[in-house]
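Read the structure below first, then the notes.
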Amino acid sequence: MSKPVPADFWAQPVVPLARALIGVTLLVDGVGGIITETEAYDFDEPASHAFGGPRGRNLVMFGPVGHAYVYKIYGIHWCLNFVGGDHPGSAVLIRALEPTQGVDTMIARRGLTDPRTLCSGPGKLAQALAIDHALNGAPLDRPPFQLFLGDTHDIVVGPRIGITKAADLPWRFGLGGSRYWSRAFPKDG
DNA sequence: CCGCTGATAATCT
DNA sequence: GATTATCAGCGGA
């Protein structure tokens, strides 16, 4: 039996938070699965939307922790983040999950049948879970969101994907051995 | 499995 | 006008 994530879960520093989110079960209207890949974005590093202070689309990142930050990227895809950390302006990008609940619904939304590719990337995950701007700023402790703690897992670490600034920070986390990643992690040294 | 390319629009310079 | 926390489709290894 899984337990909901506690309210103080979101207040830990954002990098450990991104790590702790691996293995958590995320459901949106009952559809979702086990988070397998996350990335931390801190308030004072240039890859973060919060860099430079609160303005425009990043305002939710400076709001209360434990809320969703949803934005559109490349004019096409939505990306889901969880606001958290010990300083305003930090958030965790949810990059991938292992589908466990509502798989048929995800298949219908994505138009694909391969469970490996249903949620293996932030844009794909948003499409499969029907995430869009309507959920920007929504609290994570009530419907349509449900979040449950998972078991402890082996965690793999690597540099974040798709960014050009602060690209060396090892702030990407994955569920060790999972088949549900957006991309492989660099081999451990 | 990996890399390349076009799509497409809000945000930034 | 350039950039962007991406993806599907394609071709090659």
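Order of the sequence lines sets the chain letters (A, B, ...), proteins ahead of strands, with each chain counted from 1.
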Could you list all N or O pairs between the protein and nucleotides 6-10 of chain C that sit under 3.5 Å apart?
residue	atom	partner	partner atom	Å
dT6(C)	OP1	Arg95(A)	NH1	3.1
dT6(C)	OP2	Gly162(A)	O	3.4
dT6(C)	O2	His77(A)	NE2	3.1
dC7(C)	OP1	Pro122(A)	N	3.2
dC7(C)	OP1	Gly123(A)	N	3.0
dC7(C)	OP1	Lys124(A)	N	3.3
dC7(C)	O4'	His77(A)	NE2	2.8
dA8(C)	OP1	Arg110(A)	NH1	2.8
dA8(C)	OP1	Arg110(A)	NH2	2.9

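- Summarising the local packing, CG of Asp44(A) is surrounded by more than 12 heavy atoms from other residues, nucleotides or ligands at distances under 6.0 Å.
- In the displayed structure, Arg183(A) atom CZ is contacted under 6.0 Å by at most 12 heavy atoms of other residues, nucleotides or ligands.
- In this structure, Phe51(A) places its CZ atom 16 Å from C1' of dT11(B), rounding to the nearest Å.
- Following rounding to the nearest Å, Arg160(A) (CZ) and dT4(C) (P) show an atom-to-atom distance of 13 Å.
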Per-nucleotide pairing state of DNA chain B [Watson-Crick or G-U, under 3.5 Å; [ ] pseudoknot-crossing; | other strand]: |||||||.||||.
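- Looking at heavy atoms from C-beta onward, Arg172(A) lies out of side-chain contact with Thr38(A) at the 4.5 angstrom threshold.
- No close placement of the Tyr71(A) and Trp78(A) rings is indicated, their centers lying 6.0 Å or farther apart.
- In this entry the distance linking CZ of Phe185(A) with P of dC1(B) reads 15 Å, nearest Å.
- The aromatic rings of Tyr69(A) and His49(A) lie perpendicular to each other, with more than 60° between the two planes, well past the 30° mark.
- Here Leu147(A) contributes atom CG and Asp141(A) contributes atom CG; the two are 9.5 Å apart, rounded to the nearest 0.5 Å.
- In this structure, His49(A) reaches the dA5(C) phosphate: one of its side-chain N or O atoms is under 4.0 Å from OP1 or OP2.
- Here the side chains of Ile34(A) and Tyr180(A) are not in contact, with every heavy-atom distance at 4.5 Å or above.
- The phosphate of dG3(B) has OP1 or OP2 within less than 4.0 Å of a side-chain N or O from Arg183(A).
- Of the possible polar contacts, one joining the Asn58(A) side chain to the Arg55(A) backbone as a donor-acceptor pair under 3.5 Å is found.
- Put simply, CD on Glu37(A) is 16 Å from P on dA5(C), counting in whole angstrom units.
- Residue-level contact check: Arg179(A) touches neither bases nor backbone, having no heavy atom under 4.0 Å from any strand.
- The pair Glu45(A)-Arg160(A) meets the salt-bridge criterion, with a side-chain N (NZ, NE, NH1 or NH2) lying under 4.0 Å from an Asp/Glu carboxylate O.
- The distance from atom CZ of Phe173(A) to atom P of dA5(C) is 19 Å, rounded to the nearest whole Å.
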